[in-house]
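I have placed the structure first, in the form of structure tokens, so that the comments after it can refer back to it.
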Amino acid sequence: MAHMTVVDHPLIRHKLSLMRDKDCSTKSFRNLLDEIGLLLCYEVTRDLPEIPVRIETPLTHMQGTAISGKKLVFAPILRAGLGFLNGMLELVPSARVAFIGLYRDHVTLEAVEYYFKAPSDLADRLVIVLDPMLATGHSAAAAIDHLKQRGAQALRFVSLVSAPEGVAHLQAKHPDVPIWTAALDSHLNEKGYIVPGLGDAGDRIFGTK
Ligand code: URA
């Protein structure tokens, strides 16, 4: 089964608590998601392979390191995944981006694809799938299905808040895809929302409620 890491850091807990508050403004919510995105990016890339490189400082030469291995693709699931993208790109500005448009059918709670655009060399890249809310796990699993169908082999998943049901679903469907999340909440309610959660992440990022 794929490993799950709850990124347990006071800065992340503090910022996430501000975001959960129903009175957090759209502007603050977005800024905080950027900041947590950056911090989660730091964690999800912690084990990237490195190679030694020889460098000349103004004083002498020494051996430094450079990141090696597969280049990164960030794959936000539209639309809430976009909220994570700025923070991630701030840390890895050379990464490519794959967009996956999925919406959740409010009756079946199943993920339906309406858009997909990704670099053609997914097989050669490490694909980091982004969705702030890992709720039922249906969108996450479907997004990863589509990425794998287009060749992706090395994938990771990053969420802000996860429900145990979503984690179990994703781990069952894609046991090879490790998960990083800022919080593991209690459960899903009857409408598929994470409790205590933070409400509809897309509406809160884009101010559409
Ligand atoms: N999507 C959201 O935006 N929030 C939830 O709680 C569940 C799914």
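Every number for a ligand or one of its atoms is a count from 1 in the order of the listing.
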Between H169 and H138, how do the two ring planes meet: parallel, tilted or perpendicular, split at 30° and 60°?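 If you compare the ring of H169 with that of H138, the planes turn out perpendicular.
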What residue and atom, counting heavy atoms only, is the protein's closest point to atom 6 (O) of ligand 1, and at what distance?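 For atom 6 (O) of ligand 1, the nearest protein heavy atom is I194 N, 2.8 Å.
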Return the residue, atom name and 0.1 Å-rounded distance of the protein heavy atom closest to atom 1 (N) of ligand 1.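 So the nearest neighbour among protein heavy atoms is M133 CB, 3.8 Å.
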Side chains of T208 and D203: do they bring a donor and an acceptor to under 3.5 Å?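 Yes, because at least one side-chain N or O of T208 sits under 3.5 Å from a partner of the opposite role on D203.
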Using side-chain heavy atoms (C-beta onward) and a distance below 4.5 Å, is K71 in contact with D121?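 When only atoms from C-beta onward are counted, D121 and K71 do not touch, as no gap falls below 4.5 Å.
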Find all atoms of ligand 1 within a distance of less than 4.0 Å from any non-hydrogen atom belonging to G192, and give their numbers and elements.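 With G192 as reference, the close atoms of ligand 1 come out as 7 (C).
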Please could you name the atoms of ligand 1 that A135 approaches to less than 4.0 Å, counting only its heavy atoms?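 Those of ligand 1 that fall under 4.0 Å from A135 are 7 (C), 8 (C).
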Short N or O distance, A201 and ligand 1, threshold 3.5 Å exclusive: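 Between A201 and ligand 1 (N or O atoms, distance only) the closest approach is under 3.5 Å.
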May I ask you to check if ligand 1 and G199 share an N or O to N or O distance below 3.5 Å?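 Yes, since at least one N or O of G199 sits under 3.5 Å from an N or O of ligand 1.
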Does V127 offer a backbone N or O that forms a donor-acceptor pair with the side chain of R156 under 3.5 Å?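 Not at all, since once roles are kept as given, no pair shorter than 3.5 Å links the two residues.
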Within 45 degrees of the ring normal and closer than 6.0 Å to the centroid, is that where the cationic atom of R79 sits relative to F206?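 No - R79 does not lie over the ring of F206 by the 6.0 Å and 45° rule.
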